[in-house]
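Atoms considered below: every heavy atom in the structure, side chains included; atoms not considered: hydrogens, waters and symmetry mates. Indexing begins at 1, ligand by ligand and atom by atom, following the structure's order. All values derive from a computational prediction rather than experimental measurement. By convention here, the first residue in the shown sequence is residue 1.
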Amino acid sequence: MRENSNGVAARAAEVRNGQLAPDSMVAEALEALGAWEFGASPLNAFIALDQRAGRERGPRDGALAGIPVAVKDNLATADFPTTCGSRILQGFRSPYEATAVRRLRRAGAVVLGKTNMDEFGMGSSTENSAFGPTRNPWHPERVPGGSSGGSAAAVAAGIVPVAVGSDTGGSVRQPASFCGVVGIKPTYGRVSRYGLVAFASSLDQVGALGRTVRDAAALLEVVSGRDPRDATSVNRPVPPLAAACDRGVRGLVVGVPREYFPPRLDPVVRRLAERALSALEAAGAEVRDVSLPHTRYAIPAYYIIAPAEASSNLARYDGVRFGRRCGEADSTERLYELSRSEGFGTEVKRRILLGTYALSAGYYDAYYGRAQEARAVIAHDFERVFRDGVDVLFTPTSPTPAFRLGERIHDPYQMYLSDIFTVPANLAGVPALSVPIGLAEGLPVGGQLMAAHWREDTLLTAAAAIEAELGTVGPPPVPAAGRAI
Ligand code: GLN
């Protein structure tokens, strides 16, 4: 396969050997950002921005030397506020930095800013942000997906080549799919979550977004690995991920789970998925039909487990210890009540109520207990297919291309159903990736790959083959200033 001379690895090498000025890519990024954000329909991809990013002098070394990156606003940074898209954390500054961010900086990357997101990661459209929705760079009236919609839009628009997101039930892969970029959710435990604001701790992972498979792999390689500050991070050697992109799929067994191709699947998504499978076959892979029979329990199980964990994790926002405090309360209890009522948005409140209910004494077994049983059988489905010789599973990432702004926001059930293909990987803890497989009437469509625990390398091998056969999509044209929407 051809090495991409515009890829982040190649450009960082140019910075290291002096061919490229260390701040030149940051300057390009700020220029692109200006064109997108100050036009007629601003993307609103960033919540915080450093206009002086990368200006500080100093040695530029490392795998990402001089590469501008965007970071989702639920990762703690010392030099920007960390708000999680929530009013309750407006202006909050973390006293420490997330390990993933520290590792990026140590590798020479320049953090350009913090990206917009659904409040605390709860959503699939980035409409649940206290800072207004992000637009899809491919169409100003479409959502970018969520919850890492700001990161995906910033990469798709060509502002940054790579960005960091987080994925609890699809929040890296689904926006990657909607925006036409690559998004990887690694194996649970692969990347430290120290400094990632917790949503649902048994599901959350930090993930990587990139314009190409190689770029996403380069970022993932930098942030991966054991961190003594996160007891859930695992001490396993990180396989050489860039090399995995070159391996080729000859002999690779690709499983196609029939439950992910229901009769009602959008016909264009189905056609593009079938084309991607033919491309894998043409490149030498063996494609096999398989079954993951408990897939239908994934959405109900996820929408019990994630809110249950969230209701506990979000108890800490009481108006006293972090962020926004309501000033009018005459008792401590009232202070908590008012701060939380004013600080949290509708979806976060809905999740806290759902989660608290599911964990309450009389209902715990019926809801939380059952959901955990469902989770176990879903994980077992994956174990079985991988044990039976499947190397990687291929599915659509989302049942549809990007939907319209406002289309699902008042119908939480429809919004939750957008996650039907992405939540199983989080429940099972396996790595999963979304790669562009084409355009449907001008909107990107993503294909999802899932592999056994710790086999990010296999995901990248298969994704690089799809990319080589089908090409990348985009970038979409920069809207002319003053363009009407
Ligand atoms: N859309 C899912 C939810 O709303 C997943 C979000 C995520 O992965 N952070 O919970």
Asks: Taking all non-hydrogen atoms of both residues, which atom of A29 and which atom of I159 are closest, and how far apart?
Replies: CB-O, 3.1 Å

Asks: Between the side chains of R229 and T99, is a donor N or O closer than 3.5 angstrom to an acceptor N or O?
Replies: no

Asks: Under a 4.0 Å heavy-atom cut-off, what residues line ligand 1?
Replies: G121, M122, G123, S124, S147, D167, T168, G169, G170, S171, F199, Y302, Y303, R351, D419

Asks: Between S166 and K72, is there a side-chain donor-acceptor contact under 3.5 Å, judged purely by atom types and distance?
Replies: yes

Asks: Thinking salt bridges, do E347 and R350 make one under a 4.0 Å N-O criterion?
Replies: yes

Asks: So with a 6.0 Å cut-off around CZ of R370, is the heavy-atom count from everything else above 12?
Replies: no

Asks: Would R455 and D457 pass as an ion pair if we require N to O under 4.0 Å?
Replies: yes

